[in-house]
Amino acid sequence: MRREMTARPRRYWLMKSEPDVFSIDDLARAPGRTTCWDGVRNYQARNFLRDEIRVGDGVLYYHSSAEPSGIAGEAAVVRAGYPDPTAFDRNDAHYDPKSDPGKPTWYAVDVGFVRACRPLIPLSSLRRMAALRSMLVLKRGMRLSVQPVTAAEWRAIMTLPEWGGRAEE
DNA sequence: GCCAACGTTGGC
DNA sequence: GCCAACGTTGGC
């Protein structure tokens, strides 16, 4: 089909969330098992959200500032970039008075739960994998909360036993 | 346009 | 709680 022939290949991303704020289990329990990935206030991450991320892309759900930190599950993009509503909400912690609704500064996507890994795959395990030698999240000083993952990195991570061999939950 | 000061992120 | 690394701000 023409549409499928012209579709771009599926891409992969890593998105960070502090589990105390919103964990993979929170996502699994959310209405429709989806959530709005909002509140991102970094231009590089914004560009990914606005320009690059598409419906169907794969997401590694990463728990940051956790004990331990690491990959907690898989999600999928269910809605591509749209203006982040929290930027226009005076009562929201991420309100940005400088963002013009006619030309929004900040963007969000929606992601849906796919599966959790048990146990979480800690950073220390990722660091030991040769296939992940140049993975962004493992680089010193890498603070981007939305970052690209290569297909090879995605495959290497998806073969780990923490996924339990389940295709889906 | 430089760059010091500041605030934030996030592993440890 | 520490602190390195980074992004942003604002004075000049």
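The chains referred to below are lettered A, B, ... by the order of the sequence lines, with proteins before strands, and numbering in each begins at 1. Remember, predicted model here, so these are calculated numbers, not experimental data.
In this structure, A/Phe48 is not a member of the same hydrophobic cluster as A/Val78, with clusters built from ILVMFWY side-chain heavy atoms closer than 4.5 Å.
Between the P atom of B/dT8 and the NE2 atom of A/His94 lies a distance of 12 Å, rounded to the nearest Å. Protein atom CG of A/Leu123 is 6 Å distant from nucleotide atom P of B/dC12, rounded to whole Å. Per the geometry, CD belonging to A/Gln147 stands 13 Å off P belonging to C/dC6, to the nearest Å. In this structure, A/Leu120 atom CG and B/dG11 atom P are separated by 11 Å, rounded to whole Å. Rounded to whole angstrom, the span from the CZ atom of A/Arg143 across to the P atom of B/dT8 amounts to 11 Å. Rounded to an integer number of Å, the gap from A/Leu144 CG to B/dT8 C1' is 14 Å. As rounded to whole Å, 17 Å separates atom P of B/dT9 from atom NE2 of A/His63. For the pair A/Asn42 CG and B/dG7 P, the computed distance is 19 Å after rounding to whole Å.
A/Lys16 has no side-chain polar atom (N or O) that falls below the 4.0 Å cut-off from OP1 or OP2 of B/dT8. Contact between the side-chain N/O atoms of A/Arg127 and the OP1/OP2 oxygens of B/dC12 is found at a separation under 4.0 Å. Look at A/Tyr43 and you won't find any side-chain N or O under 4.0 angstrom from OP1 or OP2 of C/dC6.
Side-chain contact, A/Thr86 with A/Asp84: a donor N or O sits under 3.5 Å from an acceptor N or O. Side-chain atoms of A/Asp110 and A/Tyr82 include a donor-acceptor pair closer than 3.5 Å.
Checked against a 6.0 Å centroid threshold, the rings of A/Trp106 and A/Tyr43 count as neighbours.
Nucleic acid contact class of A/Ser69 (heavy atoms, under 4.0 Å, all strands): sugar-phosphate only.
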